[in-house]
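Scroll down for the structure; my scribbles are underneath it.
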There are 2 protein chains.
Amino acid sequence: MCSERAPDDLTARARIRDAAIRLFADRGIAGASVRDIAQAAGVSSGLLRHHFGSKEALRDYCDVYAKDRTDQFREEVFAGGKMTDPGFLVSHSPEMRLLQRYLVQSIKDGSPAASAMFDKMVDLGEEWTIKTGVATRDPRAYGAAICAMQLGLFLFADQLSRVLDVDLGSTEGYVRLNHALIDVAATTMLSPEQAGYLHEAMDRVLDTSPKE
Amino acid sequence: MCSERAPDDLTARARIRDAAIRLFADRGIAGASVRDIAQAAGVSSGLLRHHFGSKEALRDYCDVYAKDRTDQFREEVFAGGKMTDPGFLVSHSPEMRLLQRYLVQSIKDGSPAASAMFDKMVDLGEEWTIKTGVATRDPRAYGAAICAMQLGLFLFADQLSRVLDVDLGSTEGYVRLNHALIDVAATTMLSPEQAGYLHEAMDRVLDTSPKE
DNA sequence: TCGTTCGCTACACACATGTATAGCGTACTA
DNA sequence: TAGTACGCTATACATGTGTGTAGCGAACGA
């Protein structure tokens with residue numbers, strides 16, 4: 001799709017994997033059947049089983065493929081000397097955007113491999129929070145929250161496309177949303193006074209509702 | 001659950017609705033079968049059909065119920081004179097938290113009623129963005145983004161619970177996450193210079209990749 | 001050249017799901 | 001008191017799903 005790829009990677013096995021990633025990303029893991037995937041890859045469903053054994057095993061394979069491919073792409077970008085926020089850069093490639101959508105679905109449904117990736121994301125988010133000195137008493141929860149929010153965004157792509165009246169899969173929609181996200185990251189939605197008030201309110205919640 | 005409720009609302013019909021909302025919230029719309037819902041409500045699946053006609057109709061009923069109930073709760077809170085951010089307050093009630101989780105699932109899967117609720121959320125977000133003078137050129141995208149991120153958070157509750165090692169369904173976990181969210185809303189993740197640089201980078205993306 | 005592996009298809013099995021229908025008992029009413 | 005509407009169950013049907021198996025043809029090595 002993007003960088004060089006082994007020629008024999010256009011085999012049926014690779015086509016199945018690509019079709020699976022696309023359908024999983026579009027419909028969620030449970031929403032894509034093995035027959036749909038096989039048909040999208042232009043093969044029989046038996047061949048899918050022949051190559052991967054089961055739907056779950058196919059998903060595992062897609063997990064490691066998506067992770068490896070993403071890491072590889074990230075390294076290429078870094079090696080290319082483009083030293084801006086990697087989190088933003090990675091998603092500029094259509095292939096990376098697809099893999100990202102897939103990984104979000106996979107993380108949401110919670111496979112071991114995907115959960116491990118989420119853990120790593122949160123670890124990085126926590127490190128970043130501490131390193132940059134964000135004003136929070138709970139860097140881990142802070143990092144986890146921004147990770148989950150970032151990922152959650154992808155799950156509402158359809159709704160966002162409708163509300164913004166632009167296809168978020170297109171470059172135009174993608175750029176428009178990212179401009180907004182930059183603004184979200186660069187602005188503040190609560191004043192320190194408001195934040196303090198809300199923190200106190202939350203503590204009161206903890207005190208007044210010990211039951212449940 | 002929370003405020004007063006008509007006594008005859010404990011009928012099988014109501015139990016089905018409550019069970020549906022709970023299972024839909026936990027497993028997603030497609031992930032909860034009518035048989036599971038019926039069993040959770042302690043009735044036969046035939047009765048579910050007798051009362052609601054179809055799974056889709058049941059979902060529609062849950063949509064309007066959740067919406068009405070949320071609006072009602074919000075009004076009660078406002079009438080009670082507690083004038084803090086309603087967005088936060090609403091979710092302090094366990095029932096409201098459940099309904100919120102249900103609505104997130106329903107919006108994600110995109111029923112007409114749920115889509116209308118998302119539209120309204122985005123409208124409010126846009127208004128708020130303009131009214132408070134947030135520094136963005138695209139208030140609608142800004143409002144839509146924060147709505148989607150807020151909702152998306154709920155879809156990763158399991159992952160967040162694992163990573164933070166606390167049950168997000170408990171008051172303790174809920175409070176901890178909300179403290180972090182307040183910090184996210186009160187802090188800035190990008191300096192104006194960084195934001196400006198990224199905005200320029202995004203514009204360059206728009207220029208350099210007209211194909212696709 | 002023969003045998004074996006391998007990519008691949010067709011088909012079948014068991015099960016879950018949404019939907020549909022027949023029928024039973026009770027409560028209310030004319 | 002007879003009839004009827006209603007709440008409710010049991011069961012069946014059609015379909016889609018993941019999985020399993022039998023078998024075919026080509027390629028490749030002994």
Side-chain angles (χ1 to χ4, degrees), chain A residues 5-63 65 102 105-106 108-114, chain B residues 5-63 65 102 105-106 108-114:
Chain A
R5 168 174 297 185
D8 68 322
D9 201 6
L10 303 160
T11 57
R13 186 184 170 90
R15 290 207 312 278
I16 293 172
R17 179 242 296 144
D18 288 346
I21 288 179
R22 179 163 299 277
L23 288 187
F24 283 152
D26 284 346
R27 312 181 191 172
I29 309 297
S33 73
V34 295
R35 283 172 179 80
D36 290 341
I37 294 170
Q39 187 178 7
V43 301
S44 72
S45 68
L47 185 61
L48 189 151
R49 173 169 174 77
H50 175 70
H51 276 305
F52 298 96
S54 73
K55 184 182 184 180
E56 191 58 29
L58 169 61
R59 188 196 162 179
D60 290 342
Y61 184 84
C62 291
D63 277 343
Y65 174 81
Y102 166 77
Q105 295 281 4
S106 192
K108 182 178 82 69
D109 285 21
S111 74
Chain B
R5 167 174 297 185
D8 67 320
D9 201 7
L10 302 161
T11 57
R13 184 182 172 90
R15 290 206 314 277
I16 293 172
R17 179 242 297 146
D18 288 345
I21 288 179
R22 178 164 299 278
L23 288 186
F24 282 153
D26 285 345
R27 312 180 192 173
I29 309 295
S33 73
V34 296
R35 282 174 179 80
D36 289 341
I37 295 170
Q39 187 179 7
V43 301
S44 72
S45 66
L47 185 62
L48 188 152
R49 173 168 173 77
H50 175 71
H51 276 305
F52 298 97
S54 73
K55 184 182 183 180
E56 190 58 30
L58 169 61
R59 189 197 162 179
D60 289 343
Y61 183 85
C62 291
D63 277 342
Y65 175 80
Y102 165 77
Q105 294 280 4
S106 193
K108 182 179 82 68
D109 285 21
S111 73

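Hydrogens, waters and symmetry mates are skipped; everything else that's a heavy atom, side chains included, is used. Quick caveat, the model's predicted, so the values are computed rather than measured. Per chain, numbering begins at 1; letters A, B, ... match sequence-line order.
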In this structure, how many angstroms lie between the [atom2] atom of [N] and the [atom1] atom of [X], rounded?
X	N	atom1	atom2	value
A:Arg35	D:dT17	CZ	P	7 Å
B:Ile29	C:dT17	CD1	C1'	16 Å
A:Ile16	D:dG18	CD1	P	14 Å
A:Ile37	D:dG18	CD1	P	8 Å
B:Phe24	C:dT17	CZ	C1'	13 Å
A:Leu48	D:dT17	CG	C1'	13 Å

Nearest-neighbour nucleotide for the [X] side chain, [options] considered:
X	options	answer
B:Val34	C:dT19, C:dC8, D:dG18	C:dT19
B:Ser33	D:dG18, C:dT17, C:dC8	C:dT17
A:Asp36	D:dT17, C:dC8, C:dT19	D:dT17

Between B:Ser45 and B:Ala12, just flag the one whose closest nucleotide in DNA chain D comes earlier from the 5' side.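 Its nucleotide being nearer the 5' end, the pick is B:Ala12.
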
Which residues pass the side chain to side chain contact (heavy atoms under 4.5 Å, CB included) test with A:Phe52, sequence neighbours left out?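 Side chain to side chain contact (heavy atoms under 4.5 Å, CB included) list for A:Phe52, sorted by chain: A:Arg13, A:Ile16, A:Leu58, A:Tyr61.
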
Got B:Arg59 and B:Asp109 here, is their nearest side-chain heavy-atom distance under 4.5 Å?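 Side-chain contact under 4.5 Å: yes.
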
Within residues 49-59 of chain B, which residues have any heavy atom lying less than 4.0 Å from an atom of DNA chain C?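 DNA chain C contact set from residues 49-59 of chain B: B:Arg49, B:Ser54, B:Lys55.
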
